[in-house]
K.L.:
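What follows is a structure written as structure tokens; I'll ask about it next.
Atoms within a ligand are numbered from 1 in the order they appear, just like the ligands themselves.
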Amino acid sequence: MMNLKAYGYIETEENLDGLLPGRITESQRERFTVMTELGEVTALLKGSFYYHADMRTDFPCVGDFVLLRYSESGDSLIIKVLPRRSKFSRADYTGHAAGYAKTVLEQVVAANFDTVFILTSLNQDFNLNRILRYLTQARQSGGQPVIILTKADLAADYFPMLAAVQESIPDVPVHVISSHSGLGLNELAYYLIPGQTVVFLGMSGVGKSSLLNVLLEKHVMKVQEIREGDSRGRHTTTHRQLFMLPSGAMVIDTPGMRELGLFDAEEGISASFTDIEELFSQCRFSDCRHQTEPGCAVLSALNSGSLTRERWEQYQSQQQENRFVQHRSSYLIDKRAKDKTNAMWSKQAKKNGGRKQ
Ligand code: GDP
Ligand code: ZN
């Protein structure tokens, strides 16, 4: 019999009521694969999960610990998702295109991990600000961040990049690795201990699959399965999403997690509205809301026509959407930190008579 503790399960205070605890290792639309003490089972969701659209955070995801009504023949039923100790979510836009009132739902894409590996490659894509943004996301997730600088074999001299990271982020461990040469991989053993779960966060191409493959010791990611009882003997490629490493640690790698790594909205907005952000610096008051304030550079640009109303509205709606997404999920810059900085600045500005020096 398998011990679920090997999968990071911590016995719950809750009355199990004859239900079987398990951990979700794979999710495919409505069907889940769950590791239990009786082995791996397939499971569906109890109907009530579907009743309320705004209950989407309760939707199970890979890494979740759940309670099942076990079925010996056929699918088991997921009755309950146990409280999460950490999670990554992404915003799920619903009714967006259809023109309904816009609702952003939170969709959890990975849960119950201990460590977040933030991967960045030591090549021309190296970008400290991006690492900082991922770090904010990682800290909000509830997991412990670790920075992994990848592809060391491609950098003639990685020391300046390593030093830059260590200097701006002194409280987070940093490791330099190469999945190709094997450099630094032994340092990761500290995080890869039995029962611990790691997730990878980072842009596409930084080497997440390569690292996972070496940690799996060359076992392949895509597993070919023959579906039994299928007369044509069709081959189905299934994508495992929670991997048990030979070390006894687990890695969660889901499509949703990979989409988080692609998300770089803040950077995108600033880059495409530099003209507007340039105007902000010309407003008389540093806390100008660009509504009725005297000396507002935005209002004056709107008046003179050098900034079109359409473009200004575009900027505002993008910002609003961005803030909303940030608020609802663990995306992007920590809004609270940002508000605090803003509040500090406006306090400072008031002290100075509301004027910039
Ligand atoms: P992912 O999109 O983050 O999963 O990145 P992949 O693991 O698919 O890697 C993207 C590309 O980078 C592939 O061509 C890999 O061979 C290459 N790559 C990954 N790790 C290393 C490394 O340590 N050194 C070098 N030179 N290339 C690497
Ligand atoms: Zn203004």
Side-chain angles (χ1 to χ4, degrees), residues 88 109-110 116-127 130-131 134 146-158 161-162 174-188 198-222 239-241 243 245 251-264 273-304 306-307 309 311-313 315-316 319 342 345-346 349 354-356:
F88 271 113
V109 294
V116 181
F117 281 1
I118 299 171
L119 283 82
T120 309
S121 57
L122 285 162
N123 59 15
Q124 60 284 357
D125 295 333
F126 179 83
N127 179 326
R130 191 183 297 128
I131 299 178
Y134 285 144
V146 175
I147 297 167
I148 311 277
L149 306 178
T150 63
K151 308 191 191 181
D153 58 293
L154 291 182
D157 178 15
Y158 60 74
M161 292 181 266
L162 172 62
V174 188
H175 300 278
V176 171
I177 67 155
S178 165
S179 299
H180 285 192
S181 77
L183 178 93
L185 294 178
N186 56 342
E187 292 173 24
L188 305 184
V198 178
V199 286
F200 295 172
L201 190 57
M203 303 257 290
S204 168
V206 295
K208 295 183 293 294
S209 312
S210 304
L211 177 59
L212 180 55
N213 279 325
V214 291
L215 295 179
L216 285 167
E217 290 169 8
K218 308 285 181 203
H219 295 236
V220 235
M221 253 184 85
K222 288 172 189 159
H239 295 261
R240 181 155 291 287
Q241 296 167 341
F243 297 83
L245 304 182
V251 173
I252 295 178
D253 183 27
T254 66
M257 255 329 279
R258 289 189 169 238
E259 278 172 39
L260 279 191
L262 290 176
F263 201 80
D264 240 341
F273 290 99
T274 45
D275 53 333
I276 291 179
E277 306 211 317
E278 175 60 33
L279 286 174
F280 291 166
S281 65
Q282 294 163 25
C283 293
R284 183 183 304 161
F285 301 109
S286 57
D287 60 345
C288 185
R289 288 169 305 141
H290 325 298
Q291 286 167 359
T292 55
E293 289 83 350
C296 172
V298 174
L299 294 180
S300 106
L302 286 170
N303 272 334
S304 74
S306 64
L307 171 64
R309 199 151 286 280
R311 184 162 173 76
W312 175 234
E313 278 164 10
Y315 173 83
Q316 285 176 306
Q319 283 290 339
N342 286 344
W345 276 111
S346 56
R355 270 167 207 285
K356 284 182 184 161

K.L.:
Please identify which atoms of ligand 1 are closer than 4.0 Å to at least one heavy atom of L154.
P.N.:
26 (N)
K.L.:
With side chains defined as the heavy atoms from C-beta onward, is the minimum distance between R258 and S209 less than 4.5 Å?
P.N.:
yes
K.L.:
Is the shortest distance from a Lys or Arg side-chain nitrogen in R309 or E313 to a carboxylate oxygen in the other one below 4.0 Å?
P.N.:
no
K.L.:
So what does the H290 ND1 - the Zn ion (ligand 2) - C296 SG angle come to, to 10°?
P.N.:
110°
K.L.:
For atom 25 (C) of ligand 1, what's the nearest protein heavy atom and its distance?
P.N.:
H180 ND1, 3.2 Å
K.L.:
In the protein, which heavy atom is nearest to atom 11 (C) of ligand 1, and how far is it?
P.N.:
K151 NZ, 3.9 Å
K.L.:
Is any side-chain heavy atom of F126 less than 4.5 Å from a side-chain heavy atom of I131?
P.N.:
yes
K.L.:
Can F280 and H290 be said to form a ring-ring contact (aromatic ring centres under 6.0 Å, His included), step by step?
P.N.:
CA-CA 8 Å; F280 291 166; H290 325 298; 4.3 Å; yes
K.L.:
For ligand 1, which atoms sit closer than 4.0 Å to a heavy atom of K208?
P.N.:
1 (P), 3 (O), 4 (O), 5 (O), 7 (O)
K.L.:
Examine G207 against ligand 1 and note whether any of their N/O atoms are separated by less than 3.5 Å.
P.N.:
yes
K.L.:
With the side chain counted from C-beta on, respond yes when L201 and F117 share a heavy-atom pair under 4.5 Å apart, and no when they do not.
P.N.:
no
K.L.:
Just going by heavy-atom distances, which of A152, G205, S210 is nearest to atom 2 (O) of ligand 1?
P.N.:
G205
K.L.:
Side-chain contact, heavy-atom cut-off 4.5 Å: I177 with L149?
P.N.:
no
K.L.:
Please list, in number order, the atoms of ligand 1 under 4.0 Å from a heavy atom of S178.
P.N.:
23 (O)
K.L.:
Using the ring-ring contact (aromatic ring centres under 6.0 Å, His included) rule, take F200 and F243 through it: C-alpha gap first, then chi angles, then the decisive distance, then the call.
P.N.:
CA-CA 12 Å; F200 295 172; F243 297 83; 9.3 Å; no
K.L.:
Among all protein non-hydrogen atoms, which one is nearest to atom 26 (N) of ligand 1, and what is the separation to 0.1 Å?
P.N.:
D153 OD2, 2.7 Å
K.L.:
Among all protein non-hydrogen atoms, which one is nearest to atom 23 (O) of ligand 1, and what is the separation to 0.1 Å?
P.N.:
S179 N, 2.9 Å
